[in-house]
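Quick note on labels: first sequence line is chain A, next is B, and so on, each numbered from 1.
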Amino acid sequence: MSAFRSPFMKEFAARGHLHQCTAEAELDALMAKERIAGYIGFDCTAPSLHIGNLTQIMRLRVLQRAGHKPIVVVGGGTTKVGDPSGKDETRQLLNDAAIEANKERHKEIYRRFLKFGDGPTDAIMVDNAEWLDTLQYIPFLRDVGRHFTINRMITMDSVKLRLDREQPLTFLEFNYMIMQSYDFVELYRRYGCRLQMGGSDQWGNIVSGIDLARRTDSAELFGLTSPLITTSSGAKMGKTAAGAVWLSADMLSPYDYWQYWRNVEDADVGRFLRVFTDLPLDEIARLEALKGADVNEAKKVLANEATALCHGRAAADQAAETSRKTFEGDGMSSNLPTIEVPQAEFAAGISVLAAFTRAGLTSSNGDARRQIAGGGLRINDEAVSDEKLTLGQTQLHDGVIKLSLGKKKHVLLKPV
RNA sequence: GGGGGAGUGUCCCGAGUGGCAAAGGGGGCGGACUGUAAAUCCGCUGGCUUGCGCCUUCGCAGGUUCGAGUCCUGCCUCCCCCA
């Protein structure tokens with residue numbers, strides 16, 4: 001296992017990214033000898049990417065750091081088909097305009113994590129719509145479709161899952177595997193790309209592409225999958241009360257992003273440091289060895305580093321400072337998430353119920369009432385006991401009112 | 001084409017066969033305990049008002065009934081068996 005020669009494979013494995021690999025020894029030898037291009041595909045199903053996608057991006061970072069060339073494939077074409085892998089039912093299809101809009105937002109995110117350009121190890125970004133959109137049905141079936149047998153396809157996990165569960169799998173989705181296989185071949189032809197990486201649920205699709213390339217181009221391509229990252233309590237990671245942990249600041253503030261990492265379970269710190277930061281492995285080993293309350297130090301490092309990668313060092317420092325003041329200090333930080341209320345409306349008086357709901361801390365007035373009954377709401381750090389309370393001038397401190405749900409969620413209400 | 005079964009609180013699973021805002025889990029949120037952790041214990045988990053009030057929910061649309069998730073009819077979707 002540890003006998004890898006190439007810097008890439010060594011680090012990839014050491015950081016816990018390695019799950020399955022085709023022709024492991026050959027790939028290792030190839031990467032030790034020469035620079036190769038490797039890709040990961042991302043579909044454009046959401047307006048932002050989340051930390052599940054980030055695990056993949058971090059793998060491309062490892063690739064780039066080891067002196068190879070990362071290719072980000074944005075799935076402008078494949079998103080129109082919809083990947084059935086790992087999903088037990090059909091996803092809602094997006095229209096072209098939504099896909100296009102998502103794609104543009106994603107591009108901005110990739111640029112934060114990878115260095116793009118024309119240099120030998122600079123990353124490049126390509127859209128598979130470039131070749132998929134213009135495919136001709138009959139020629140494609142004859143050139144590519146002939147290499148796929150139904151017998152084989154229905155044994156693939158992504159297909160079998162649906163069939164076993166007796167859930168419908170449309171012909172459209174059934175074709176996703178073929179699209180992705182074709183992508184790999186096309187990338188090999190265009191960029192000499194030899195490696196495809198992906199999550200463990202992509203194994204079947206990746207292997208299909210390798211087979212296709214061998215048949216059509218007599219090319220030897222390689223595949224590498226990574227384990228699905230879960231929290232130690234078994235949950236798919238990246239879900240919070242508010243939804244996914246997004247990488248776009250307009251969908252999840254840098255402060256909340258920082259807080260997500262700060263609050264991971266003890267058992268996850270080491271693993272997450274290896275995957276989501278670039279810290280040297282011996283430094284991570286030191287942090288991972290911390291016991292008891294000292295683990296909090298490791299969590300802060302994780303939060304700082306992960307946030308700096310995503311939102312920049314300045315934003316990370318500010319989030320850390322805001323957190324310090326909020327949780328460890330006495331003063332109130334003005335950098336907490338803030339909602340603004342028109343002065344006139346504020347002057348007329350806002351009920352506690354409305355204020356918390358407006359701030360997004362509670363989902364309805366009824367919810368706010370229940371939280372008050374349970375002692376969960378605080379204004380300027382004092383528990384709310386009266387649900388009829390009206391907020392006004394008297395609660396203002398430095399021009400804001402601090403609303404809190406539980407110990408961790410704080411929002412400032414600011415009249416403007 | 002024929003026969004049988006299923007669709008429940010828009011997070012999920014899942015009881016329910018005329019009185020239900022609807023059992024029970026899981027998840028989530030809050031409280032206690034802690035270290036902004038885990039485990040444990042407690043509370044909450046349709047909306048609007050909280051005065052015992054009103055409204056909206058059990059695939060869709062009608063019907064029977066004082067009253068239906070629960071009965072009847074039609075439709076949609078899925079599954080199984082037969083052809």
Side-chain angles (χ1 to χ4, degrees), chain A residues 86-92 161-170 173 230-245 253-273 287-304 306-307 319-330 332-333 335-337 351-354 356-379 381-390 402-411:
Chain A
K87 302 182 181 66
D88 53 13
E89 56 186 37
T90 305
R91 276 293 166 77
Q92 173 95 45
L161 175 77
R162 290 284 184 87
L163 297 181
D164 288 350
R165 291 197 176 201
E166 298 172 339
Q167 289 293 321
L169 175 74
T170 63
E173 297 172 280
T230 56
T231 66
S232 57
S233 41
K236 261 181 274 178
M237 76 173 293
K239 298 290 182 189
T240 68
V245 180
S253 70
Y255 168 79
D256 286 322
Y257 190 78
W258 194 96
Q259 280 292 319
Y260 173 79
W261 296 109
R262 174 63 182 81
N263 282 296
V264 300
E265 297 173 26
D266 286 9
D268 291 329
V269 181
R271 219 154 38 95
F272 287 1
L273 280 166
L287 291 167
E288 194 176 15
L290 295 173
K291 293 278 183 270
D294 291 338
V295 178
N296 286 328
E297 277 317 302
K299 291 184 186 179
K300 286 177 195 171
V301 173
L302 172 63
N304 285 336
T307 306
E321 178 59 13
T322 300
S323 298
R324 195 190 61 75
K325 279 187 189 162
T326 304
F327 290 95
E328 298 171 20
D330 39 354
M332 175 150 59
S333 172
N335 290 317
L336 286 167
S351 76
V352 237
L353 270 31
F356 276 92
T357 300
R358 182 85 161 262
L361 292 173
T362 52
S363 60
S364 67
N365 288 357
D367 184 29
R369 279 199 184 88
R370 286 189 288 268
Q371 289 295 356
I372 289 174
L377 299 189
R378 277 171 298 141
I379 289 174
D381 297 321
E382 287 197 22
V384 179
S385 55
D386 178 13
E387 65 181 49
K388 293 202 187 93
L389 185 68
T390 298
K402 183 181 179 187
L403 308 177
S404 308
L405 166 67
K407 295 188 202 107
K408 297 182 188 176
K409 293 178 219 67
H410 312 279
V411 170

[X]: what forms a side chain to side chain contact (heavy atoms under 4.5 Å, CB included) with it, not counting sequence neighbours?
X: A:D367; value: A:T362, A:S363, A:S364, A:R370, A:Q371
X: A:T322; value: A:Y255, A:Q318, A:T326, A:S333, A:N335, A:L336
X: A:E288; value: A:R274
X: A:S351; value: A:L353, A:A354

Any [X] side-chain heavy atom under 4.5 Å of [Y] side chain:
X: A:D266; Y: A:K299; value: yes
X: A:L377; Y: A:L405; value: yes
X: A:F356; Y: A:I379; value: yes

Give the rounded distance in Å between these two atoms: [atom1] of [X] and [atom2] of [N].
X: A:W261; N: B:A37; atom1: CH2; atom2: C1'; answer: 16 Å
X: A:L353; N: B:U50; atom1: CG; atom2: P; answer: 9 Å
X: A:L273; N: B:A37; atom1: CG; atom2: P; answer: 18 Å
X: A:H410; N: B:U36; atom1: NE2; atom2: P; answer: 12 Å
X: A:L403; N: B:G30; atom1: CG; atom2: P; answer: 15 Å
X: A:D266; N: B:A39; atom1: CG; atom2: P; answer: 11 Å
X: A:R262; N: B:G35; atom1: CZ; atom2: P; answer: 12 Å
X: A:K299; N: B:G35; atom1: NZ; atom2: C1'; answer: 8 Å

Using the test salt bridge (Lys or Arg N to Asp or Glu O under 4.0 Å), find all partners of A:R358 that sit at least two apart in sequence or belong to another chain.
->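 Partners of A:R358 by the salt bridge (Lys or Arg N to Asp or Glu O under 4.0 Å) criterion, ordered by chain and then number, come out as A:E345.
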
Spacing of the [atom1] atoms in [M] and [N] (rounded, Å):
N: B:G27; M: B:C20; atom1: C1'; value: 24 Å
N: B:C78; M: B:C29; atom1: P; value: 36 Å
N: B:A6; M: B:C60; atom1: C1'; value: 16 Å
N: B:C55; M: B:G43; atom1: P; value: 31 Å
N: B:G59; M: B:C76; atom1: C1'; value: 8 Å
N: B:G24; M: B:G74; atom1: P; value: 36 Å
N: B:U50; M: B:G14; atom1: P; value: 39 Å
N: B:G31; M: B:U17; atom1: C1'; value: 39 Å

Would you mind classifying the nucleic acid contact of A:S323 as base, sugar-phosphate or nothing, using non-hydrogen atoms under 4.0 angstrom?
->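 Result for A:S323 = base.
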
How is A:L405 classified with respect to the nucleic acid when contacts are heavy atoms under 4.0 Å: base, sugar-phosphate, or nothing?
->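 Counting heavy atoms under 4.0 Å across all strands, the contact made by A:L405 is with sugar-phosphate only.
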
Go through the structure and list residues passing side-chain hydrogen bond (donor to acceptor under 3.5 Å, both in side chains) with A:E321, not counting sequence neighbours.
->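 A:E321: side-chain hydrogen bond (donor to acceptor under 3.5 Å, both in side chains) contacts with A:R324.
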
Those residues that, when tested against A:K408, pass side-chain hydrogen bond (donor to acceptor under 3.5 Å, both in side chains) (two or more places apart) |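 Testing A:K408 for side-chain hydrogen bond (donor to acceptor under 3.5 Å, both in side chains), a comparison that skips the adjacent residues, returns A:N263.
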
Side-chain N,O ([X]) to OP1/OP2 ([N]) below 4.0 Å:
X: A:S364; N: B:C48; answer: yes
X: A:K409; N: B:U36; answer: no
X: A:K407; N: B:A37; answer: no

Mind telling me whether B:C76 is syn or anti, cutoff 90° either side of 0?
->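 What B:C76 shows is an anti base, its glycosidic angle lying more than 90° from 0.
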
A:K300 or A:E387: which one's nearest nucleotide on RNA chain B is closer to the 5' end?
->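 It is A:K300 whose nearest nucleotide is closer to the 5' end.
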
For residues 365-376 of chain A, which residues have at least one heavy atom under 4.0 Å from RNA chain B?
->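 Contacts with RNA chain B under 4.0 Å: A:N365, A:G366, A:R369, A:R370, A:Q371, A:G374, A:G375, A:G376.
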
Going by number, which of residues 289-297 of chain A have a non-hydrogen atom under 4.0 Å from RNA chain B?
->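 When residues 289-297 of chain A is checked for heavy atoms under 4.0 Å from RNA chain B, the hits, listed by number, are A:G292, A:A293, A:V295, A:N296.
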
Is any side-chain N of the basic residue among A:E328 and A:K300 closer than 4.0 Å to the acidic one's carboxylate O?
->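 Between A:K300 and A:E328 there is a salt bridge, with a charged N closer than 4.0 Å to a carboxylate O.
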
Assigned partner base of B:U40, Watson-Crick or wobble definition, under 3.5 Å |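 Base-paired to B:A32.
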
Now, which nucleotide makes the Watson-Crick or G-U wobble pair with B:G74, with each of the two distances under 3.5 Å?
->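 For B:G74, the partner nucleotide comes out as B:C60, under the 3.5 Å rule.
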
